[in-house]
Protein chains: 2
Amino acid sequence: MSTDPSAPQVTPTVTPKAAYHHGDLRAQLIAAVRDLVETHGPDGFSVSEAARRAGVSSAAPYKHFKDRHEILRGVVSEAMDRLRAAMEAGAAAHPHGSLEAVAAVGQAYVDFARAEPGVFRLVFGLTEGHENAPDLLAKGEGCFGVVVKAVAACLGLPTSDPDVQRRAYMLWSFVHGHAFLTIDMKHKVAAARIGDWDYLVTTSRAILALAARA
Amino acid sequence: MSTDPSAPQVTPTVTPKAAYHHGDLRAQLIAAVRDLVETHGPDGFSVSEAARRAGVSSAAPYKHFKDRHEILRGVVSEAMDRLRAAMEAGAAAHPHGSLEAVAAVGQAYVDFARAEPGVFRLVFGLTEGHENAPDLLAKGEGCFGVVVKAVAACLGLPTSDPDVQRRAYMLWSFVHGHAFLTIDMKHKVAAARIGDWDYLVTTSRAILALAARA
DNA sequence: CAATCAAGTTAGAACCTCTCACATATGATT
DNA sequence: AATCATATGTGAGAGGTTCTAACTTGATTG
């Protein structure tokens with residue numbers, strides 16, 4: 001049902017089939033839910049409200065999504081595409097193989113979390129049907145792959161090198177934690193504690209240097 | 001109403017007032033919700049179900065909690081107490097000021113996340129009434145304080161030293177990210193990627209060494 | 001053109017949150 | 001001790017939510 005090969009899962013490209021009665025309701029619902037999640041928190045969203053915003057009846061969404069969870073998965077999928085694109089753009093803005101390219105991947109990650117904290121939390125807080133969604137798993141690995149590529153280029157090693165994998169994971173978990181803590185306690189601690197860019201560059205250097213020594 | 005000074009917020013100590021009709025319903029509700037959150041995910045919980053498990057009517061919980069959110073906040077508060085205790089116990093299991101003591105704090109953190117992923121996610125995914133709950137903020141700072149203390153002891157500096165604060169934050173975000181990634185992709189990546197203890201010791205050493213050099 | 005299928009609609013069952021009015025146990029106060 | 005005030009419970013119910021079922025309508029296709 002949702003595995004319709006002619007309809008790309010989330011990209012709002014208006015396929016002939018999608019532009020029908022309403023005009024790509026699927027994408028509009030995802031956009032509405034993204035908005036709701038962002039403003040009312042990951043739990044403060046309802047299918048009814050999203051349908052209301054899209055101007056359709058509250059039963060219409062179920063023609064496009066099996067579940068409320070499937071809608072959320074759609075939002076997550078779309079968000080991960082954007083996150084990955086941002087990470088790649090960050091790396092591309094600096095010389096290939098440079099330390100700055102590595103740091104910029106992390107910066108893009110943190111920027112995303114700050115710009116869309118609700119969606120960010122949703123992406124990494126999804127529990128229902130996480131294992132039933134191999135595409136999300138794949139996209140997660142894709143994001144990790146961006147880090148791995150930047151690290152490999154910086155160290156001059158192949159991406160398959162276990163040390164590259166290890167350092168990339170270290171960097172990722174580091175940035176991931178920083179991103180989360182940042183959006184959690186925006187009031188006081190984290191935000192004022194450290195300037196992002198210096199922080200990320202310093203950390204990246206430390207972790208990569210650790211690899212060189214090992 | 002919930003600011004009753006004679007009743008400790010979450011600790012299941014049966015105060016005279018609490019042991020009433022039912023026998024400390026408040027604590028039993030929190031326990032039920034903790035269980036539900038753990039097994040059905042942070043969203044798959046309902047006040048009704050918790051009340052059912054505690055053997056009371058579905059209106060009874062509202063005598064103890066204003067909201068469903070307030071119940072969740074209660075669960076979080078209780079969980080943070082346990083998390084902090086675990087972190088302190090981890091540090092205490094090693095010589096004061098040792099690198100192992102620092103790593104053990106992180107290990108306790110990761111262990112907690114693995115043992116109770118649902119609750120862990122809830123603790124750091126809470127959005128509703130986060131700012132209206134200064135006690136939660138304070139407990140968060142308390143947990144951070146454990147890290148700061150271990151780092152300060154290891155470096156032989158006062159806890160107020162900005163470098164100590166900085167390294168503690170680095171370590172915390174590191175461990176936080178690792179914990180999250182671990183429970184997110186238990187299937188494949190993180191779990192098999194790295195053995196925890198070596199990982200934490202190595203990382204702690206690297207970050208503290210970085211401080212010594214700076 | 002008719003058949004078919006996709007994408008909407010309304011109606012409704014089951015559930016959840018939270019409130020209100022009422023009932024009852026307990027401790028405090030005269 | 002009798003009574004009062006209050007804390008803690010119950011049942012009924014309003015309003016919102018998820019999701020299904022049965023029906024309608026519009027587009028595509030043989």
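Order of the sequence lines fixes the chain letters, A, B, ..., with proteins taken first and strands second; residue numbering starts at 1 for each chain.
- With no hydrogens or angles considered, a side-chain donor-acceptor pair links B:Asp111 and B:Gln107 at under 3.5 Å.
- In terms of phosphate contacts, A:His64 brings a side-chain nitrogen or oxygen within less than 4.0 Å of OP1 or OP2 of C:dG8.
- Scored by the side-chain hydrogen bond (donor to acceptor under 3.5 Å, both in side chains) test, A:Asp35 finds A:Arg53 as partners (sequence neighbours excluded).
- Side chains of A:His178 and B:Tyr169: a donor on one and an acceptor on the other come within 3.5 Å.
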Take nucleotides 16-22 of chain D nucleotide by nucleotide from the 5' end and write B, S or -, depending on whether a protein heavy atom sits under 4.0 Å from the base, only from the sugar-phosphate, or from neither. -SBBB--
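- Judged as a side-chain hydrogen bond (donor to acceptor under 3.5 Å, both in side chains), and not counting sequence neighbours, A:Glu100 has no contacts.
- Regarding B:Asp43, its CG atom lies at a distance of 14 Å from the C1' atom of C:dC16, rounded to whole Å.
- Taking the six-membered ring for Trp and the full ring otherwise, B:His176 and B:Phe180 have centroids separated by under 6.0 Å.
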